[in-house]
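Treat the numbers as computed from the prediction; the structure is a model and nothing was measured. Start at 1 with the first residue, then count along the sequence. Values below: every heavy atom of this structure, side chains too, minus hydrogens, waters and symmetry copies.
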Amino acid sequence: MTGLLMLAACGDGEPEREADRAPDAPLPAEEAAEPSETLAAVRARGRLNCGVHEGLVGFAYTDNRGQWRGFDVDFCRATAAAVLGDPDAVRFVPLAIGDRFEALADGRIDVLWRNTSWTMGRDAGERMEFVGVNYYDGQGFLVRRSLALTSAAELDGARICVQSNSTTALNLQDYFAVRNLRYEPVMAASEEEAREAYVAEDCDAFTGDVSALAAARTMLGNPQAHAILPDVISKEPLGPVVRRGDDQWADIVRWTLNALILAEELGVTQENVDQLAENSPDPRIQRLLGVQDGFGSMMGLSDAWAHDAIAGVGNYGEIFDRNLGARSSVNLARGLNAQWNASPRGLMYGLPIR
């Protein structure tokens, strides 16, 4: 009798229990979270408002036709494609370093993609939430080759151009204090002003994220006359920032970034994404591209959210190569930003979509 009762309880017409659901299956659409306030606003206006740098070669800048280009710019486009199906449905909002968090807090932008370091003070102390890392960087020093310097330790007593109100200035202070070295800070309101002061020889060295220094060097009259010292004095995990309290929007930005990283690992590119969506037998690719177990409903998006992001801008490696890597004037090696299974290994690791 007990067995018959158990069979009857499992018969047709009984609601599916959470424990009965396959462990990898997404929630049914009716159980997914309601659209977030930010998502609703983006859809209502028909575009994403994305905060970016005012002008940093490789990351965010306007070309001679006035078009926005760069590493962070492409991540803005990917987010717009995931949400709206259109990588061009973006309004880029250039922001100075002192304005970026205020612009996010007061709703002028929906997401900040602006080479911003993830620190505890910002993440736990502000009304902000970092949702991933799209570039692992570190602070270094740009100097003139004529000085014949080989190490930052040789900068004792030097004048150093640095941007004020930044983690860069704090890292500089820590580095010299720990080593009992002296330096004269030449403070500048922006990276551009710091670079101009360096060009004018108001300082002996210019400090900033190594990627920003590499970009700045391309803009100098004779780039080969300047060198980035081998010392890296800090860890600078750069990534997107959203307002705290909108969990679903945080998920959208986090998983869009992750989808682009995972796409590179799985060999999904801007060129082959449509073909793989139709023909790939790989269940990991099927889940990524929404062919199997549509995960978009978890975030209030279509099942093609990741497909649209990849089709719009390419995978992480494609974005890196054209903006920062061998296909760009910045010509940075992947380094820490290589995939975890590359040779040599990097820190980029696509979280599983399942």
Side-chain angles (χ1 to χ4, degrees), residues 36-42 45 47-56 58-62 68 70-80 83 90-139 162-174 185 187-195 207-212 215 234-257:
S36 75
E37 181 178 335
T38 307
L39 177 59
V42 170
R45 80 171 81 95
R47 72 164 186 267
L48 176 76
N49 290 338
C50 196
V52 294
H53 199 285
E54 294 171 294
L56 180 61
F59 281 89
Y61 63 100
T62 53
W68 279 97
F71 186 71
D72 288 336
V73 165
D74 278 348
F75 283 104
C76 289
R77 296 190 193 280
T79 308
V83 174
V90 185
R91 174 175 173 258
F92 295 101
V93 182
L95 295 167
I97 192 169
D99 300 329
R100 53 187 168 170
F101 296 128
E102 181 181 349
L104 184 60
D106 66 20
R108 278 183 284 158
I109 58 173
D110 306 305
V111 58
L112 179 68
W113 284 98
R114 187 200 184 282
N115 62 325
T116 299
S117 296
W118 188 348
T119 68
M120 182 176 179
R122 290 169 175 172
D123 192 47
E126 303 284 347
R127 294 179 296 157
M128 309 298 160
E129 182 176 355
F130 285 77
V131 293
V133 176
N134 71 328
Y135 192 90
Y136 289 96
D137 211 339
Q139 186 171 330
V162 60
Q163 186 173 1
S164 58
N165 299 317
S166 65
T167 56
T168 307
L170 299 176
N171 292 335
L172 181 66
Q173 180 179 325
D174 288 349
M187 308 302 290
S190 67
E191 288 169 324
E192 181 179 4
E193 288 186 19
R195 184 184 72 247
T207 188
D209 291 348
V210 170
S211 63
S234 72
K235 300 189 294 273
E236 303 298 332
L238 311 180
V241 193
V242 297
R243 284 181 293 278
R244 184 179 298 165
D246 194 334
D247 293 342
Q248 189 177 10
W249 182 250
D251 284 341
I252 288 170
V253 179
R254 176 184 298 114
W255 284 99
T256 298
L257 167 59

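For the salt bridge (Lys or Arg N to Asp or Glu O under 4.0 Å) test, no residue two or more places apart in sequence or in another chain qualifies with Arg244. Legend: residues meeting salt bridge (Lys or Arg N to Asp or Glu O under 4.0 Å) with Arg122, ordered by chain and number and at least two apart, are absent. Every residue meeting the side chain to side chain contact (heavy atoms under 4.5 Å, CB included) condition with Val90, not counting sequence neighbours, appears here in chain and number order: Cys50, Cys76, Ala80, Phe92. Under the salt bridge (Lys or Arg N to Asp or Glu O under 4.0 Å) criterion, Arg195 pairs with no residue, sequence neighbours left out.
The backbone N or O of Pro237 sits nowhere less than 3.5 Å from a side-chain atom of Ser117 that would complete a donor-acceptor pair. Judged purely by atom type and a 3.5 angstrom limit, Asp209 has no side-chain atom pairing as donor or acceptor with the backbone of Ser211.
Each of Leu112, Thr79, Leu257 was compared with Pro240 under the side chain to side chain contact (heavy atoms under 4.5 Å, CB included) criterion, and only Leu257 meets it. Among Phe75, Trp68, Phe59, the one residue that satisfies the side chain to side chain contact (heavy atoms under 4.5 Å, CB included) test with Val52 is Trp68. Checked options Thr256, Leu48, Ile252, Val253; the residue passing with Val83 is Ile252 (criterion: side chain to side chain contact (heavy atoms under 4.5 Å, CB included)).
Counting heavy atoms from C-beta on, the side chains of Gln163 and Thr168 never come closer than 4.5 Å. Between Thr167 and Gln139 the shortest side-chain heavy-atom distance does not fall below 4.5 Å. The shortest side-chain heavy-atom distance between Leu56 and Glu191 falls under the 4.5 Å cut-off.
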Practice task
Show the numbers, then the answer: is there a side chain to side chain donor-acceptor pair (under 3.5 Å) between Glu192 and Ser190?
Solution key: CA-CA 5 Å; Glu192 181 179 4; Ser190 67; 5.1 Å; no
Practice task
Determine, stepwise, if the pair Val162 / Met187 fulfils side chain to side chain contact (heavy atoms under 4.5 Å, CB included).
Solution key: CA-CA 5 Å; Val162 60; Met187 308 302 290; 3.5 Å; yes
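In terms of heavy atoms, Ala194 sits closest to Ala188 at N-CB, 3.4 Å. The heavy-atom pair separating Ser164 from Ala189 by the smallest distance is OG-CA, 3.9 Å. Minimum interatomic distance between Ile109 and Arg243 (heavy atoms only, all atoms of both residues): O-NH1, 2.8 Å. Of all the heavy atoms in Ala250 and Val242, the pair that sits closest is CB-CG2, 3.9 Å.
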With a cut-off of 3.5 Å and sequence neighbours excluded, list every side-chain donor-acceptor pair involving residues 98-105.
residue, atom, partner, partner atom, Å
Arg100, NE, Ile97, O, 3.1
Arg100, NH1, Thr116, OG1, 3.0

Under 3.5 Å donor-acceptor pairs involving side-chain atoms of residues 125-136, not counting sequence neighbours:
residue, atom, partner, partner atom, Å
Glu129, OE2, Arg254, NH2, 3.3
Asn134, ND2, Asp72, OD1, 3.2

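Asn165 CG: 12 or fewer foreign heavy atoms inside a 6.0 Å radius.
For the residue pair Thr38 / Asp110, no side-chain donor-acceptor distance below 3.5 Å is found, with atom types taken as modelled.
Atoms CG and CD, on Leu95 and Glu54 in that order, are 7.5 Å from each other to the nearest 0.5 Å.
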